[in-house]
Student: 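My questions all concern the structure below.
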Amino acid sequence: MAVLASGCSDGSGTPSKERSSSAPSSKEPAPDGTASGAPAKGSVKVERTVATGLKAPWGLAPLEGGDLLVSTRDLGRIYRIDGRSGKKTELGTVPGVAAGGEGGLLGIAVPPDNAETVYAYLTTESDNRIVRMLYDPDKPQGDQLGAPDTIIKGIPKGQIHNGGRIAFGPDKMLYAGTGESGEGGLSQDKKSLGGKILRMTPDGQPPGQGNPDTDSVVYSWGHRNVQGLDWDDEKRLWASEFGQNTWDELNLIRPGQNYGWPDAEGKTGGSGFVDPVEQWRTADASPSGAAVAEGSVWMAGLRGERLWRIPLKGTEPAAKPQSFLDGKYGRLRTVVSDGKDGLWLVTSETDGRGTPEKGDDRILKLKVS
């Protein structure tokens with residue numbers, strides 16, 4: 001477990017005690033050297049604890065009105081969290097989830113124009129796949145999800161590196177970050193869905209345009225384990241990625257580009273590979289979720305147990321990254337923007353690699369600048 005961790009992966013808002021730190025368009029986004037940059041120094045304020053007592057939470061999907069859907073990796077369940085009271089309502093258990101290692105019920109997403117459908121990325125006995133389910137909040141608790149409809153399957157699974165983040169882009173396409181399941185060669189194999197960022201229609205089909213190959217859902221490759229996806233105001237896609245033993249990465253994603261794994265880790269300047277925009281030692285980050293807010297990318301660190309802020313000026317860093325909440329809430333799994341100056345942050349102390357305290361795991365609401 002120590003080897004895996006090195007390369008992979010309350011009510012007041014204040015912990016009971018401080019823990020010890022252990023593109024969505026068819027065109028490639030153009031560099032922007034004229035944009036005004038985010039301030040060099042930012043801030044994070046924990047406004048409140050939204051929910052506590054979650055077991056291995058993984059994915060988070062905001063709903064209109066302020067409520068949240070959250071997935072639990074090992075139990076395979078999805079809950080609705082009241083954004084004001086924190087009350088949990090169980091939607092149901094997703095059939096077919098085979099939790100083990102880093103696999104299970106992972107990312108979830110709700111289409112921007114259809115709150116009656118929930119998409120989920122999950123590990124089964126044979127693969128990782130993405131399913132969609134009808135959601136009816138008027139049905140009894142625990143029975144609010146319809147039967148899963150598989151839209152894409154055959155994503156390689158493993159004890160490690162299952163990827164799992166899914167999100168709808170500004171183009172209304174569904175994006176997914178996948179892992180190479182511990183087999184680095186899959187990242188460079190364009191026929192494999194492992195070690196890729198995928199872009200597909202809501203039905204799981206190739207979009208027909210915007211991808212490197214019109215008959216493939218593969219958008220970019222050469223990734224090790226992507227678990228963070230979000231877009232800036234210019235509709236540029238940013239992704240966080242686990243390194244092995246040396247460098248974790250924040251990447252600006254361009255369609256058809258090769259991000260280097262397993263031949264490159266971090267900034268190498270290697271011919272044919274895209275260097276990350278920023279990089280971190282794996283002990284300081286091991287980033288899972290990523291979100292864009294207030295002109296910066298925010299990354300949730302697992303092993304690093306901190307929230308990273310990367311201020312941007314167009315496609316480049318505006319200043320050095322800042323870290324916040326260092327060690328205060330333990331491992332941080334998911335971060336999602338509220339569309340304004342706020343973030344939802346999900347901790348990950350009950351995933352088998354943390355040191356859970358009373359109230360773990362929790363969802364926090366942050367105000368950032």
Side-chain angles (χ1 to χ4, degrees), residues 8-9 23-25 28-29 31 58-60 106-107 109 121 128 130 155 161-171 173-180 187-188 193-200 210-212 217-244 247-262 264-267 273-280 282 285-293 296-302 304 307-310 312 314-317 321 332-337:
C8 307
S9 59
S25 73
E28 177 179 320
W58 210 101
L60 185 77
L106 304 177
Y121 185 115
N128 286 296
I130 300 173
I155 302 169
H161 307 173
N162 289 289
R165 193 70 60 186
I166 57 175
F168 282 92
D171 56 1
M173 295 293 136
L174 180 64
Y175 291 72
T178 74
E180 32 79 305
S187 298
Q188 294 295 322
L193 298 179
K196 309 294 190 298
I197 291 177
L198 311 179
R199 175 177 179 263
M200 67 197 80
N211 286 10
V217 297
V218 172
Y219 192 65
S220 63
W221 54 87
H223 299 288
R224 184 170 182 264
N225 193 21
V226 175
Q227 289 188 3
L229 300 170
D230 203 7
W231 292 262
D232 63 23
D233 289 342
E234 299 301 319
K235 301 181 180 180
R236 292 177 291 236
L237 175 59
W238 298 85
S240 59
E241 181 165 348
F242 291 86
Q244 185 174 30
W247 296 114
D248 293 323
E249 301 179 355
L250 173 67
N251 287 298
L252 174 63
I253 303 301
R254 295 184 166 95
Q257 297 299 301
N258 186 341
Y259 288 79
W261 182 256
E265 181 182 3
K267 297 179 181 180
F273 300 142
V274 179
D275 274 351
V277 173
E278 278 290 1
Q279 63 183 20
W280 294 260
T282 54
S286 295
S288 183
V292 179
S296 299
V297 177
W298 302 82
M299 289 192 339
L302 289 167
L307 179 69
W308 283 101
R309 172 186 182 261
I310 305 93
L312 299 176
T315 60
E316 300 293 332
L332 305 180
R333 169 66 68 183
T334 295
V335 59
V336 177
S337 171

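Along the sequence shown, the residues carry numbers beginning at 1. Note that this is a predicted model, so its numbers are computed, not measured.
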Student: State, to 0.1 Å, how close I166 and G107 come at their nearest heavy-atom pair, and which atoms those are.
Tutor: CD1-O, 3.7 Å
Student: Report the residues that fulfil side-chain hydrogen bond (donor to acceptor under 3.5 Å, both in side chains) with E249, sequence neighbours left out, ordered by chain and then residue number.
Tutor: N251
Student: Step by step, would you call W221 with L193 a side chain to side chain contact (heavy atoms under 4.5 Å, CB included)?
Tutor: CA-CA 9 Å; W221 54 87; L193 298 179; over 6 Å; no
Student: Between the side chain of Q279 and the main-chain N/O of K267, is any donor-acceptor distance below 3.5 Å?
Tutor: yes
Student: Counting only N and O atoms by type, is there a donor-acceptor contact under 3.5 Å from the side chain of N211 to the main-chain atoms of R199?
Tutor: yes
Student: Looking at every non-hydrogen atom in both residues, tell me the closest pair between G222 and N258 and how far apart they are.
Tutor: CA-OD1, 3.6 Å
Student: Answer yes or no: is there a donor N or O on one side and an acceptor on the other, between the side chain of T178 and the main chain of G195, under 3.5 Å?
Tutor: yes
Student: How long is the straight-line distance from OG1 of T315 back to CG of L252, given to the nearest 0.5 Å?
Tutor: 6.0 Å
Student: Within the side chain of S296, is there an N or O that forms a donor-acceptor pair under 3.5 Å with the backbone of R309?
Tutor: no
Student: Out of E265, E180, H161, which residue meets the side chain to side chain donor-acceptor pair (under 3.5 Å) rule with R224?
Tutor: H161
Student: Quick one: CZ on F168 to CG on L229, what's the gap to the nearest 0.5 Å?
Tutor: 12.5 Å
Student: Would you check if the side chain of D248 reaches a backbone N or O of S286 as a donor-acceptor pair within less than 3.5 Å?
Tutor: yes
Student: Give a yes or no on whether the backbone of S288 and the side-chain of S240 come within a donor-acceptor separation of less than 3.5 Å.
Tutor: yes
Student: Go through the steps for Q244 and T282 under the test side chain to side chain contact (heavy atoms under 4.5 Å, CB included), then give the verdict.
Tutor: CA-CA 7 Å; Q244 185 174 30; T282 54; over 6 Å; no
Student: Would you say that S337 contacts V292 through its side chain, given a criterion of any heavy-atom pair below 4.5 Å between the two side chains?
Tutor: no
Student: Between atom CG of L312 and atom CH2 of W238, what is the distance when rounded to the nearest 0.5 Å?
Tutor: 4.5 Å
Student: If we ignore hydrogens and angles and just use 3.5 Å, is the side chain of N225 paired with the main-chain N or O of G163 as donor and acceptor?
Tutor: yes
Student: Calculate, to the nearest 0.5 Å, the distance between atoms CG and CZ belonging to L60 and R165 respectively.
Tutor: 8.5 Å
Student: Where do A290 and V297 come nearest, in terms of heavy atoms and distance?
Tutor: CB-CG1, 4.5 Å
Student: Could you tell me the separation between the CG atom of L237 and the CG atom of D232, rounded to the nearest 0.5 Å?
Tutor: 9.0 Å
Student: Is the centre of the Y175 ring less than 6.0 Å from the centre of the W231 ring?
Tutor: yes
Student: Hey, could you give me the CE/CD distance between M299 and Q227, rounded to the nearest 0.5 Å?
Tutor: 12.0 Å
Student: Going by the rule side-chain contact (heavy atoms from CB on, under 4.5 Å), which residues pair with V274 if we only count those two or more places apart in sequence or in a different chain?
Tutor: Q257, Y259
Student: Quick one: do M200 and V218 satisfy side chain to side chain contact (heavy atoms under 4.5 Å, CB included)? Show the steps, please.
Tutor: CA-CA 8 Å; M200 67 197 80; V218 172; over 6 Å; no
Student: Of all the heavy-atom pairs spanning K196 and L198, show the shortest one and how long it is.
Tutor: CB-CD2, 3.7 Å
Student: Specify the closest pair of heavy atoms between D275 and G266, including all atoms of both residues, with the distance to one decimal.
Tutor: OD1-O, 3.8 Å
Student: Of all the heavy-atom pairs spanning Y219 and G210, show the shortest one and how long it is.
Tutor: CE1-O, 3.5 Å
Student: Could you tell me whether a side-chain N or O of W298 sits under 3.5 Å from a main-chain N or O of A293, the two making a donor and an acceptor?
Tutor: yes
Student: Can L250 and E241 be said to form a side chain to side chain contact (heavy atoms under 4.5 Å, CB included), step by step?
Tutor: CA-CA 6 Å; L250 173 67; E241 181 165 348; over 6 Å; no
